[in-house]
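All remarks here apply to the structure that follows.
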Amino acid sequence: MDSIIVFTAQYLYLFVLAVATIFFLVQPRKIQKNMVVCGIAVAPLAYVISRIAAFFYYDPRPFVVWHFVPLIAHVADNGFPSDHVLLTGAVAAIVWFYNKKLSGALWFLVILIGTARVLAGVHHVADIAGSIAIVLLATAVYEIAVRRKKPA
């Protein structure tokens, strides 16, 4: 069971990125351009919000707090928010605008990755939930500022 947790926590994000890349590549040029614009807006915004949140909220990793060896070797730094969940969540959110079913499947994988990172002992549930909230906030800002912008 540990090997499944380790694989999911460390490497499943690559599958999410690969699926999203393939989805992107098979889209018509116009949708690809829209996806790039969305990605340029959502991903950096989510990252900036995450850095600001990490500045104000420090959450020691579980293996530091409870003094155990995690399943994945990791630096004992701030666990908030989870970068793996932030990245894959941003990808799933970007895909949402173009294919809700695929995005739903990607979000399922995001939850699996987050769960595995908690089970591996490198994140608390709050780190995972915080990453998801940050991605949803960045996506909402994009939706309000760009997608719903009405011509004057």
Side-chain angles (χ1 to χ4, degrees), residues 1-28 31-55 57-143:
M1 186 63 153
D2 285 355
S3 60
I4 293 170
I5 292 169
V6 169
F7 175 81
T8 303
Q10 277 193 299
Y11 302 111
L12 189 58
Y13 82 96
L14 296 170
F15 180 73
V16 171
L17 297 177
V19 168
T21 300
I22 292 166
F23 175 74
F24 172 81
L25 292 173
V26 300
Q27 297 308 304
I31 291 178
Q32 286 180 341
K33 287 179 183 179
N34 291 341
M35 288 181 76
V36 167
V37 169
C38 184
I40 288 171
V42 171
L45 181 58
Y47 180 76
V48 168
I49 294 169
S50 77
R51 295 305 98 199
I52 293 168
F55 179 77
Y57 181 71
Y58 185 84
D59 188 18
R61 294 186 183 271
F63 65 88
V64 172
V65 174
W66 297 319
H67 309 290
F68 66 88
V69 176
L71 295 178
I72 302 168
H74 207 288
V75 177
D77 60 354
N78 188 2
F80 183 84
S82 167
D83 292 338
H84 282 77
V85 172
L86 192 76
L87 172 63
T88 54
V91 168
I94 292 163
V95 171
W96 175 262
F97 292 111
Y98 307 97
N99 188 314
K100 303 223 182 323
K101 286 183 182 179
L102 178 58
S103 177
L106 294 178
W107 274 110
F108 176 75
L109 296 177
V110 171
I111 299 300
L112 280 180
I113 292 165
T115 301
R117 293 190 69 77
V118 169
L119 293 174
V122 295
H123 283 293
H124 294 281
V125 173
D127 305 334
I128 306 307
S131 292
I132 291 170
I134 289 167
V135 165
L136 294 177
L137 174 63
T139 306
V141 168
Y142 170 75
E143 176 72 10

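Worth knowing before you read on, the calculation uses all heavy atoms, side chains too, and leaves out hydrogens, waters and symmetry mates.
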Heavy-atom donor-acceptor pair, Y98 side chain to N34 backbone, under 3.5 Å: yes

Nearest atoms (heavy-atom pairs only) where N78 meets R61: O-NH2, 3.4 Å

K100 atom NZ, neighbour heavy-atom count above 12 within 6.0 Å: yes

Separation between CG of L86 and CD1 of I134, rounded to the nearest 0.5 Å: 6.0 Å

Taking every non-hydrogen atom, the tightest pair across G121 and P70: O-CB, 4.0 Å

Validation row: I132, V85 side chains within 4.5 angstrom (heavy atoms): yes

Option passing ring-ring contact (aromatic ring centres under 6.0 Å, His included) with H124 (candidates F63, W66, F80, Y58): W66

Minimum-distance pair of heavy atoms, taken over all atoms of P62 and F68: O-CE2, 3.5 Å

Heavy-atom donor-acceptor pair, S103 side chain to A92 backbone, under 3.5 Å: yes

Interatomic spacing from NE2 in H84 to CG in L14 - rounded to 0.5 Å: 8.0 Å

Non-hydrogen side-chain atoms of V135 and V110 separated by less than 4.5 Å: no

Spacing of D127 atom CG and S82 atom OG [to the nearest 0.5 Å]: 7.0 Å

Expected output: side-chain H123 to main-chain T115 donor-acceptor under 3.5 Å: no

Within 6.0 Å of CZ in F55, more than 12 heavy atoms from elsewhere: no

Side-chain donor-acceptor pairs under 3.5 Å in residues 44-54, sequence neighbours left out?
from, atom 1, to, atom 2, distance (Å)
S50, OG, Y47, O, 2.6
R51, NH2, D83, OD1, 3.1

Smallest separation among heavy atoms of V122 and I72, with atom names: CG1-O, 3.8 Å

Side chain to side chain contact (heavy atoms under 4.5 Å, CB included) between V16 and I113, worked out: CA-CA 10 Å; V16 171; I113 292 165; 4.1 Å; yes

Please tabulate, for the side chains in residues 21-28, all donor-acceptor contacts under 3.5 angstrom to protein atoms that are two or more places apart in sequence or on a different chain.
from, atom 1, to, atom 2, distance (Å)
T21, OG1, L17, O, 2.7
Q27, NE2, F23, O, 3.1

E143 CD to W96 CH2 distance, which is reported to the nearest 0.5 Å: 11.0 Å

By side chain to side chain contact (heavy atoms under 4.5 Å, CB included) - contacts of T8 (at least two apart): I4, L12, L112, A116

Reported CD1-to-CG distance for the pair I5 and L71, which is rounded to 0.5 angstrom: 6.0 Å

